Enquirer: 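Handing you this structure, nothing more for now.
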Amino acid sequence: MSTKSLSVPLPEGLERLSRRLSNRHITPYYYLLPTVIPLLLLTVYPLLRGIYLAFTQYNLYNKDTTLVGVFNFVELTTNDTLFWGALTNNIIWTVGIVAISYVLGLFTSIALNENIPLRGLFRGLALIPWVCPAVVAALAWRWIFDPHFGMLNYMLMEIGLIERNIGWLGDKNTALIATMIVAIWKLLPFSVVMLLAGLQTVPEELYEAAAIDGAGVLGRFRWVTLPLLNRVGKIAILLTTIWAFNHFDSVYVLTGGGPGDTTMLLSIMSYLNAFRFFKIGYASAVGVVMLILLLLPITLYTRQVLEDVE
Amino acid sequence: MELFIRRRLGRYVLAYTWLLIISTFTAFPFFWMLTSSFKARAEIFTRVPVLIPKAPTLANYNYVLTETPAGRYFLNSLYIATVTTLLALVLTTLGAYALSRFQFRMRRSLGVWLIAGQMFPGILMLIPLFVTLTRLNLINTYAGLIIVYTMAALPFSTWMLKGYFDTVPRELEDSAMIDGCSRLGAIRRVFLPVAAPGIAAVALFAFTIAWQEFMFALTMMKDQSKYPLSVGINFFVGIAGSVVWGNIMAMAVLIIVPGLIFFLFLQRYMISGLTAGAVKG
């Protein structure tokens, strides 16, 4: 704008500089400052700092930031009796939750996509766990899981599935499954919403066409629904994977990693190292291992979302 | 025709059966929290669980509100979540606008960071932030927690808003600018009112993050009087023991009520927030 109002033509170089500084080029950056500066300070910096700390033996007493190479990682993978168990738990936990919440979410969204009376009510009911903070979810379920007065044991006894009360969270055989149930409960609304949104983009004509071609209910599901859910389904799976893999709250409240480390997850292991034993550097190394394992899903997810936008 | 009806009927029966099963699973804990919170001790510890209290009592709420700092926790959470929401809106609106309207260098990298930014392990962010905030004397302060929650809400809020802004036609500001508005004036007078639903969805998202968060608050808040609800209820369970279920469930109900109210009235916005970026409009 400003260049045009000048009557004397500027030399070539100055002209270019002036154009550079003019509104058109600079405005976006002014607008972006309030977003980008906090973003740099509060997400980029901590991430880089966290990765750096993983290569030190920093704790809250020595405040020693000398780099010690991969010491923590060697220690973690060779000397820590918890690490491999926690990693295995994390993988079982994540895969189980993602698979089950996806399947439940798929059936639920298909049922909700039918044009049936009371559909809104059922949709609301399927989605409410989302408003429940993970801590509250954990406490409500702890009450349901209660070994002596809990609802779950009572119901299973009535149906005849079990003969004696099970201490769901205190028993090494059931604790991990019990924490997974809570996580699935909390995550289900997400799968339902995503898959339902995906289903609603499927045109009705496709089903009709498939039906005319002789496809039954299963055939239409296999050849129309599933392929069209491919994209949304992929995103839902990637997001739930990342969410489950990073999860901390409900397991910390339900079991704190016990009994006998059977529900120890990487995030809890890292938390305990950092804030109970104050081994900041070591705890960061656990975080970095998590980050490395998540790089693939994060990359795939980011690429998918960007692809859709452009 | 008859075949068609039979098939349709079969589908209905299947759908209803499944929805009944799944909504029992999702809704039962809410029902159980609610009824347990109105039960006296005698109806909590029964061999056969009591579904609906025969002698409903407000004793649990009375106890929780007068004998524990639950009211204080509630106000703490409300304050922290409200400031976080306002801050998130102020910080993201212009940035999201720029992302939606302008071409500039690093646009793509910024997009990548906004999407990936909140996928990183929370624990890996918590540790360095804890160290830094300790150095800045911001541990155990509302300000510290608000900063952290704003951080948590920022990337996705910006991305969500950008997505919504993309659906608002450019011509809107263009015509206002032809009529003599500056760009900022056009944004304020013409653009923002139209983009309000998107802003509401983001506000809801940021508020929910701050209201529900646990791990950061657990680590950062030392004074009991500064606990938000999530940490407060966990602390209460820790000292009272996980046996006073009536009291605990009354506190739980206090935490979920604001969320439930939002949910009843603003379900649509919540859903659009959840699916932002995942489903093309």
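Reminder, nothing fancy here: chain letters follow the sequence lines and each chain counts from 1. None of the values given here were measured: they were computed from a predicted structure. Below, each value reflects all heavy atoms present in this structure, side chains not excepted, and no hydrogens, waters or symmetry copies.
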Enquirer: What residue, out of B:Leu154, B:Ile147, B:Val231, has the most heavy-atom pairs lying under 4.5 Å from chain A?
Expert: B:Leu154
Enquirer: What's the spacing between A:Leu39 CG and B:Leu110 CG if we round to 0.5 Å?
Expert: 6.5 Å
Enquirer: Apply side-chain hydrogen bond (donor to acceptor under 3.5 Å, both in side chains) to residues A:Trp130 and B:Thr208 and explain how you reach the verdict.
Expert: CA-CA 10 Å; A:Trp130 194 55; B:Thr208 311; over 6 Å; no
Enquirer: Using heavy-atom distances under 4.5 Å, tell me whether B:Tyr97 contacts chain A through its side chain, its backbone, both, or neither.
Expert: side chain
Enquirer: Taking A:Pro129, A:Ala236, A:Ser284 one by one, which has the highest count of heavy-atom pairs under 4.5 Å against chain B?
Expert: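 Most pairs with chain B among the choices: A:Pro129.
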Enquirer: Chain A heavy atoms under 4.5 Å from B:Thr93: which part of the residue, side chain, backbone, both or neither?
Expert: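 B:Thr93 has no heavy atom closer than 4.5 Å to chain A.
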Enquirer: Evaluate the criterion side-chain contact (heavy atoms from CB on, under 4.5 Å) for residue pair A:Thr43 and B:Phe120; output intermediate values, then yes/no.
Expert: CA-CA 9 Å; A:Thr43 67; B:Phe120 301 129; over 6 Å; no
Enquirer: To the nearest 0.5 Å, what is the distance between OG1 on A:Thr35 and NZ on B:Lys162?
Expert: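 Those atoms lie 13.5 Å apart.
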Enquirer: A side-chain contact here means heavy atoms from C-beta on lying under 4.5 Å apart; do A:Tyr29 and B:Met106 qualify?
Expert: no
Enquirer: Distance from A:Lys63 atom NZ to B:Thr134 atom OG1, nearest 0.5 Å?
Expert: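 Separation between the atoms: 7.0 Å.
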Enquirer: Among A:Leu53, A:Ile242, A:Leu139, who wins on heavy-atom pairs under 4.5 Å with chain B?
Expert: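 Most heavy-atom pairs under 4.5 Å with chain B: A:Leu139.
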Enquirer: Got A:Leu266 and B:Ile123 here, is their nearest side-chain heavy-atom distance under 4.5 Å?
Expert: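 With C-beta onward as the side chain, the pair stays apart.
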Enquirer: Do A:Pro38 and B:Thr150 make a side-chain contact, defined as non-hydrogen atoms from C-beta onward lying under 4.5 Å apart?
Expert: no
Enquirer: Apply side-chain hydrogen bond (donor to acceptor under 3.5 Å, both in side chains) to B:Thr26 and A:Trp185, showing your working.
Expert: CA-CA 6 Å; B:Thr26 54; A:Trp185 183 80; 5.5 Å; no
Enquirer: Looking only at heavy atoms and a cut-off of under 4.5 Å, which of A:Leu196, A:Leu112, A:Ile298 has the most pairs with chain B?
Expert: A:Ile298
Enquirer: When rounded to the nearest 0.5 angstrom, what is the spacing between CH2 in B:Trp32 and CD1 in A:Ile144?
Expert: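 These two atoms lie 8.0 Å from each other.
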Enquirer: Can you say whether A:Asn115 sits under 4.5 Å from chain B via the side chain, the backbone, both, or neither, judging by heavy atoms?
Expert: backbone
Enquirer: What part of A:Phe245 gets closer than 4.5 Å to chain B, counting heavy atoms only: side chain, backbone, both or neither?
Expert: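 Nothing of A:Phe245, per the 4.5 Å heavy-atom cut-off to chain B.
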Enquirer: With the side chain counted from C-beta on, respond yes when B:Leu20 and A:Phe122 share a heavy-atom pair under 4.5 Å apart, and no when they do not.
Expert: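 Yes; the side chains approach each other to less than 4.5 Å.
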Enquirer: Could you have a look at B:Ser157, B:Gly117, B:Ser36 and say which one has the most heavy-atom pairs with chain A under 4.5 angstrom?
Expert: B:Ser36
Enquirer: State, with a plain yes or no, whether a side-chain heavy atom of B:Gln212 is found less than 4.5 Å away from one of A:Val136.
Expert: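 B:Gln212 vs A:Val136: side chains apart.
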Enquirer: At their closest point, which heavy atom of A:Ala283 faces which heavy atom of B:Ile127, and how far apart are they?
Expert: CB-CD1, 3.6 Å
Enquirer: How far apart are the C-alpha atoms of B:Met125 and A:Leu47, what are their side-chain angles, what is the distance that settles it, and do they pass the side-chain contact (heavy atoms from CB on, under 4.5 Å) test?
Expert: CA-CA 6 Å; B:Met125 312 294 271; A:Leu47 183 72; 3.9 Å; yes
Enquirer: Measuring heavy-atom distances to chain A, does B:Ile22 have an atom under 4.5 Å in its side chain, in its backbone, in both, or in neither?
Expert: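 The answer is the side chain of B:Ile22.
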Enquirer: Can you tell which part of A:Leu294 gets under 4.5 Å to a heavy atom of chain B, answering side chain, backbone, both or neither?
Expert: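 Side chain only.
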Enquirer: Verify the neighbour count for atom CZ of B:Phe28: are there more than 12 heavy atoms of other residues, nucleotides or ligands below 6.0 Å?
Expert: yes
Enquirer: Can you list the residues that meet the side-chain contact (heavy atoms from CB on, under 4.5 Å) rule with B:Leu94, with sequence neighbours excluded?
Expert: A:Tyr31, B:Leu184, B:Ile187
Enquirer: Where does the angle between the aromatic ring planes of A:Trp143 and B:Trp245 fall among parallel (under 30°), tilted (30 to 60°) and perpendicular (over 60°)?
Expert: parallel
Enquirer: How close do A:Thr302 and B:Ala116 get, heavy atom to heavy atom, and via which atoms?
Expert: OG1-CB, 3.8 Å
Enquirer: Of the backbone (N, CA, C, O) and the side chain (C-beta and beyond), which part of B:Met215 lies under 4.5 Å from a heavy atom of chain A, both, or neither?
Expert: both
Enquirer: Side chain from CB out, backbone as N, CA, C, O: work out which of these in A:Leu188 comes under 4.5 Å of a heavy atom of chain B, or both, or neither.
Expert: side chain
Enquirer: Would A:Asp249 and B:Leu218 count as a side-chain contact (heavy atoms from CB on, under 4.5 Å) here? Give the steps.
Expert: CA-CA 10 Å; A:Asp249 296 2; B:Leu218 175 74; over 6 Å; no
Enquirer: Looking only at heavy atoms, what is the nearest atom pair of A:Pro117 and B:Tyr16, with distance?
Expert: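 Looks like O-OH, 2.6 Å.
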Enquirer: Looking at A:Ala126, A:Ser267, A:Pro46, A:Ala137, which makes the most heavy-atom pairs under 4.5 Å with chain B?
Expert: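 Of A:Ala126, A:Ser267, A:Pro46, A:Ala137, A:Pro46 has the most heavy-atom pairs under 4.5 Å with chain B.
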Enquirer: Under 4.5 Å between any side-chain heavy atoms of A:Val44 and B:Trp113, yes or no?
Expert: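 Side-chain contact under 4.5 Å: yes.
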Enquirer: Can you give me the closest heavy-atom contact between B:Gly95 and A:Leu32, atom names plus distance?
Expert: O-CD2, 3.6 Å
Enquirer: Given the options A:Leu118, A:Thr108, A:Val253, A:Ile110, which has more heavy-atom pairs under 4.5 Å with chain B than any of the others?
Expert: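 Maximum pair count with chain B is reached by A:Thr108.
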Enquirer: Contact part of A:Tyr271 toward chain B, heavy-atom cut-off under 4.5 Å: side chain, backbone, both or neither?
Expert: both
Enquirer: Report which part of B:Ile44 has an atom under 4.5 Å of a heavy atom belonging to chain A: side chain, backbone, both, or neither.
Expert: both
Enquirer: If you take all heavy atoms of B:Ile255 and A:Pro133, which pair is closest and at what distance?
Expert: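 That closest heavy-atom pairing would be CG2-CG, 3.7 Å.
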Enquirer: Please determine, among B:Ala15, B:Ala98, B:Pro128, the option with the most heavy-atom pairs under 4.5 Å with chain A.
Expert: B:Pro128
Enquirer: So which atom in A:Tyr154 and which in B:Arg47 form the shortest heavy-atom distance, rounded to 0.1 Å?
Expert: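 Where A:Tyr154 meets B:Arg47 most closely, the heavy atoms are CD1-O, 3.8 Å.
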Enquirer: Look up atom CG in A:Leu291 and atom CE in B:Met119, then write down how far apart they are to the nearest 0.5 Å.
Expert: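 Interatomic distance, A:Leu291 CG to B:Met119 CE, rounded to 0.5 Å: 13.0 Å.
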Enquirer: Quick check on A:Val36 against chain B: is it the side chain, the backbone, both or neither that has a heavy atom closer than 4.5 Å?
Expert: side chain
Enquirer: Below 4.5 Å from any heavy atom of chain A, which atoms of B:Leu91 appear? Answer side chain, backbone, both or neither.
Expert: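 For B:Leu91, heavy atoms of backbone and side chain both lie under 4.5 Å from chain A.
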Enquirer: Please rank A:Ala134, A:Ala274, A:Ser270, A:Gly150 by heavy-atom pairs under 4.5 Å with chain B and give me the top one.
Expert: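 The residue among A:Ala134, A:Ala274, A:Ser270, A:Gly150 with the greatest pair count is A:Ser270.
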Enquirer: Using a 4.5 Å cut-off on heavy atoms from C-beta on, say whether the side chain of B:Thr132 contacts that of A:Tyr45.
Expert: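 They are in side-chain contact.
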Enquirer: Got a second to check how far A:Leu42's CG is from B:Leu129's CG, nearest 0.5 Å?
Expert: 6.5 Å
Enquirer: For chain A, find which of B:Val131, B:Ile233, B:Val48 contributes the most heavy-atom pairs closer than 4.5 angstrom.
Expert: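 Most pairs with chain A among the choices: B:Val48.
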Enquirer: Set out, in order, the CA-CA distance, both residues' side-chain angles and the distance that settles side-chain contact (heavy atoms from CB on, under 4.5 Å) for A:Leu127 and B:Phe263, then state yes or no.
Expert: CA-CA 9 Å; A:Leu127 299 187; B:Phe263 184 70; 3.6 Å; yes
Enquirer: When you compare the side chain of B:Phe25 with that of A:Ile181, does any pair of heavy atoms fall below 4.5 Å?
Expert: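 Of all side-chain heavy-atom pairs linking B:Phe25 with A:Ile181, at least one is under 4.5 Å.
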